[in-house]
J.: 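This is the structure I want to talk about, given as structure tokens.
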2 protein chains.
Amino acid sequence: MATMTDVARRAGVSVSTVSYVLTGTRPISEATRDRVLAAMAELDYQPNAMARGLASRKSNIVGLLLPLTGRGLGATETAFVTGATEAAREAGYHLMLCPVGAADSDELQSLATQRLLDGFLVMEVQLTDRRVELLQKLESPFVLIGRTEDGAGLACVDIDFEQTVDDAVAHLVELGHETIAYINHSPASLASGYGPAKRTEAAFQAALERHGITGVMVPTEDTATGGRAAIQRAREERPALTGVLVMNENAALGILAELREAGLDVPGDVSVVSMVTSEVVADLASPALTAMTSPGAALGAAATRVLLKRLAEDDGSTYQELLPCALEVRGTSGRAKKGKAARSARAERQ
Amino acid sequence: MATMTDVARRAGVSVSTVSYVLTGTRPISEATRDRVLAAMAELDYQPNAMARGLASRKSNIVGLLLPLTGRGLGATETAFVTGATEAAREAGYHLMLCPVGAADSDELQSLATQRLLDGFLVMEVQLTDRRVELLQKLESPFVLIGRTEDGAGLACVDIDFEQTVDDAVAHLVELGHETIAYINHSPASLASGYGPAKRTEAAFQAALERHGITGVMVPTEDTATGGRAAIQRAREERPALTGVLVMNENAALGILAELREAGLDVPGDVSVVSMVTSEVVADLASPALTAMTSPGAALGAAATRVLLKRLAEDDGSTYQELLPCALEVRGTSGRAKKGKAARSARAERQ
DNA sequence: ATGAAAGCGCTAACAT
DNA sequence: ATGTTAGCGCTTTCAT
């Protein structure tokens, strides 16, 4: 394993010269640079990452904090991870997976204090998240994926849930739907103050009022079974409903199955729009789900870029970037059946 | 940020003593150990990972090599990653995500030469994989997930595809199925010599012969659409078929939809067994998929443990660990309809 | 059982 | 434009 000293000797220069052609932090004459580069090539030289890190106080590694509990990652989270990894690599950085949830803050404490990582990407951010306070205290650069309750002064990148709900509702309204159900995350998520669940709930209510239509919100588990139960409840509460907005892609498939078995046609009788959905899962359904495609990879890349920018510029400014999910009309949304809706509405009134 | 020198001073000992209480590589009297530990606690001391790495020539980081191209990771791969990450953390190691496919070997070359990583986990191994040769040449410890053509002398952990196919076919045979289709990965995968595709193909043929039943193999894309096309072709070629084995979970959902639309009941008319499937996706289907559940997380953990063991013991021995997928009977498999199969079989003969 | 000191392979002043 | 050298914070001989 050749070291910098070997390269210097071979090129007939000092180690610092070699170091400077590597880092580019001071001018080197064309001639010597060439000699050094040649020597490196001949020796298959690669700088030792540890030595470089120790001397420069930077590792060129960023940590991705994510809770690794239970069911594992969904498609959106996975896309986020890969997006972040790619973006880091393109900038010459590495990405380390750190299984650190909102709970285990001593893990994070030691991680951050070890100086192994230059900064952190924080996934699955809770509305009040101890990791955030800790990182602030330790003065570790970080970027949130998601938002805390009080996002003031923090750098974060997130899905624009408000916009996404607005777009989804608008799509249904344009198709003539006047009674819409919103199948949200679980009651537990809502109770724990999970940001996406809370934000979409509020946005849904606001959208209903703005459009002057009626709706119902049913929280449920993020599974097909959860979706089945939720759509049943929603139809009991609002027999007139012709449109369904669903937060979770797993639940969305359950909803489709339940409607089919109830003898209802999608999108003939009921339209279903799935929020924050990956293309793979959308295409899994039959018909393929009309969905708000989550910008997973783009989010990951954006978060990484923001983090690297602050690392480079020592930029402490607040930075927010919100990416909406893009409406992708596939096979589960269509014009509302006026007749049926009216009939059911009449029945409901009695 | 307290350093080891600070701790030593505070505890009234030398730095080497502090180092030894940390590494435990030489006996320390109870009394001084306590003093050192106390000093560490008071100072919130955490060893500097870079310095430690430079001096000890080990980073306590393992790299996970995985191609990050295109569609992103499936549920099984994701489970693998999380399993590996968890296992590493439990052993005091970190895991770095390295987007390095079978193609980009210079990336790997420099990665391995930088001495940032103590060893490698190699995912998505091709039957002939340049990364393997390279790692061997560079004498970097590594463990494969999957197998190369000639696995002699290599440490690897993989799904036991042969056993999995055997179990799946046996399940169908027990239910009375006598004509079975195997929907494999894409023709391109087969052509490129992708291990799982080749192995399962061979195992399927062998199982057919052993049970004395007939079958047909149709390769197809790993999508719902691909599954639809494949089941159509399979039924054209073997109208009598009552059992379907499918390699890819996405295709499996397409198959269910296509059969339903063709007026066939699952599992009444046709049984479907999905191989190497994640529980989440299995539960997404209606009815839920009878499937061979892929041991994703277990594989990741096993691979990590094997790697860490060789790191610890400088163990160069060949090691193979094959984990079968476990049969999980859900809603898509049932007894074969003798009558219908016989009728179709007769029709076919004419 | 403990200490002193020589590196590990780099970076970044400080020189010239 | 280049060279000299003092660290970076640890591990690990070599002493005692």
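All values reported here derive from a predicted model rather than from experimental measurement. Below, chain A is the first sequence line, B the second, and so on; all start at residue 1.
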J.: Distance-only check: which donor-acceptor pairs under 3.5 Å involve side-chain atoms of residues 28-43 of chain A, not counting sequence neighbours?
T.:
from: A/S29; atom 1: OG; to: A/T32; atom 2: N; distance (Å): 3.3
from: A/S29; atom 1: OG; to: A/T32; atom 2: OG1; distance (Å): 3.1
from: A/T32; atom 1: OG1; to: A/S29; atom 2: O; distance (Å): 3.1
from: A/R33; atom 1: NH1; to: A/I28; atom 2: O; distance (Å): 3.4
from: A/R35; atom 1: NE; to: A/A11; atom 2: O; distance (Å): 3.1
from: A/R35; atom 1: NH2; to: A/A11; atom 2: O; distance (Å): 3.1
from: A/E42; atom 1: OE1; to: A/R10; atom 2: NE; distance (Å): 2.6
from: A/E42; atom 1: OE1; to: A/R10; atom 2: NH2; distance (Å): 2.8

J.: Sequence neighbours left out, what passes salt bridge (Lys or Arg N to Asp or Glu O under 4.0 Å) with B/R9? Give chain and number order.
T.: B/D6
J.: Base, sugar-phosphate, or nothing: which does B/V18 touch, judged by heavy atoms less than 4.0 Å apart?
T.: nothing
J.: What is the separation between atom CE on B/M4 and atom P on C/dT2, rounded to the nearest whole Å?
T.: 15 Å
J.: My understanding is that only residues two or more places apart in sequence, or in another chain, count here; which of them pass side-chain contact (heavy atoms from CB on, under 4.5 Å) with A/P196?
T.: A/F161, A/Y194, A/M247
J.: Donor-acceptor pairs are to be reported for all side-chain atoms of residues 106-114 of chain A against protein atoms at under 3.5 Å, with residues two or more places apart or in another chain.
T.:
from: A/S110; atom 1: OG; to: A/E107; atom 2: O; distance (Å): 3.1
from: A/T113; atom 1: OG1; to: A/Q109; atom 2: O; distance (Å): 2.4

J.: Taking CZ from B/R9 and P from C/dG3, how many angstroms apart are they, rounded to a whole number?
T.: 14 Å
J.: Hey, could you give me the CG/CD distance between A/L65 and A/E124, rounded to the nearest 0.5 Å?
T.: 11.5 Å
J.: Take atom CG of A/N60 and atom P of C/dC10, then tell me their distance rounded to the nearest Å.
T.: 15 Å
J.: Please tell me if A/R52 has a side-chain N or O lying less than 4.0 Å from either OP1 or OP2 of C/dT11.
T.: yes
J.: With B/A302, which residues qualify under side-chain contact (heavy atoms from CB on, under 4.5 Å), at least two apart?
T.: B/V157, B/R305, B/E321
J.: With sequence neighbours left out, what residues match B/D158 under salt bridge (Lys or Arg N to Asp or Glu O under 4.0 Å)?
T.: B/R147
J.: Report, one line per pair, each donor and acceptor closer than 3.5 Å where one atom sits in a side chain of residues 74-96 of chain A; sequence neighbours left out.
T.:
from: A/T76; atom 1: OG1; to: A/S294; atom 2: OG; distance (Å): 3.1
from: A/E77; atom 1: OE1; to: A/G74; atom 2: N; distance (Å): 3.1
from: A/T78; atom 1: OG1; to: A/G74; atom 2: O; distance (Å): 2.8
from: A/T82; atom 1: OG1; to: A/T78; atom 2: O; distance (Å): 3.4
from: A/T82; atom 1: OG1; to: A/A79; atom 2: O; distance (Å): 2.9
from: A/T85; atom 1: OG1; to: A/V81; atom 2: O; distance (Å): 2.7
from: A/E86; atom 1: OE1; to: A/R89; atom 2: NH2; distance (Å): 3.4

J.: Which angle, rounded to 10°, do you find between the first-five-pair axis and the last-five-pair axis of the helix from C/dA1-D/dT16 to C/dT16-D/dA1?
T.: 30°
J.: Got a sec? Which of residues 30-48 of chain B come in under 4.0 Å of DNA chain C, heavy atoms?
T.: B/T32
J.: Rounded to whole angstrom units, what separation is found between the CD1 atom of B/I28 and the P atom of C/dA1?
T.: 8 Å
J.: Please name all residues satisfying side-chain contact (heavy atoms from CB on, under 4.5 Å) with B/S19, sequence neighbours left out, ordered by chain then number.
T.: B/M4, B/T23
J.: For A/R57 and D/dG9, is the shortest distance between a side-chain N/O and OP1 or OP2 below 4.0 Å?
T.: yes
J.: Can you measure A/L22 atom CG to C/dT11 atom P for me and round it to whole angstrom units?
T.: 6 Å
J.: Here's a test for you: under side-chain contact (heavy atoms from CB on, under 4.5 Å), which of A/L135, A/V132, A/V143 qualifies with A/L154?
T.: A/V132
J.: Of all the nucleotides listed (D/dT12, C/dC10, D/dC10), which has the minimum atom distance to the side chain of B/S19?
T.: D/dT12
J.: Reading DNA chain C from 5' onward, which residue's closest nucleotide shows up sooner: B/G12 or B/S56?
T.: B/G12
J.: Which whole-number value in Å describes the distance from B/K58 NZ to D/dC10 C1'?
T.: 14 Å
J.: Could you check whether A/T23 gets within reach of a base, just the sugar-phosphate, or nothing at all, counting any heavy atom under 4.0 Å?
T.: sugar-phosphate
J.: List every contact pair, protein side and nucleotides 4-7 of chain D side both N or O, where the distance is under 3.5 Å.
T.:
from: D/dT4; atom 1: O4; to: A/S16; atom 2: OG; distance (Å): 2.9

J.: Expressed as a whole number of angstroms, how long is the span from A/L54:CG to C/dG7:P?
T.: 17 Å
J.: Going by the rule side-chain contact (heavy atoms from CB on, under 4.5 Å), which residues pair with B/V125 if we only count those two or more places apart in sequence or in a different chain?
T.: B/V122, B/D129, B/L144, B/T148
J.: Taking all non-hydrogen atoms of both residues into account, name the closest pair between A/G63 and A/L117 and its distance.
T.: N-CG, 3.7 Å
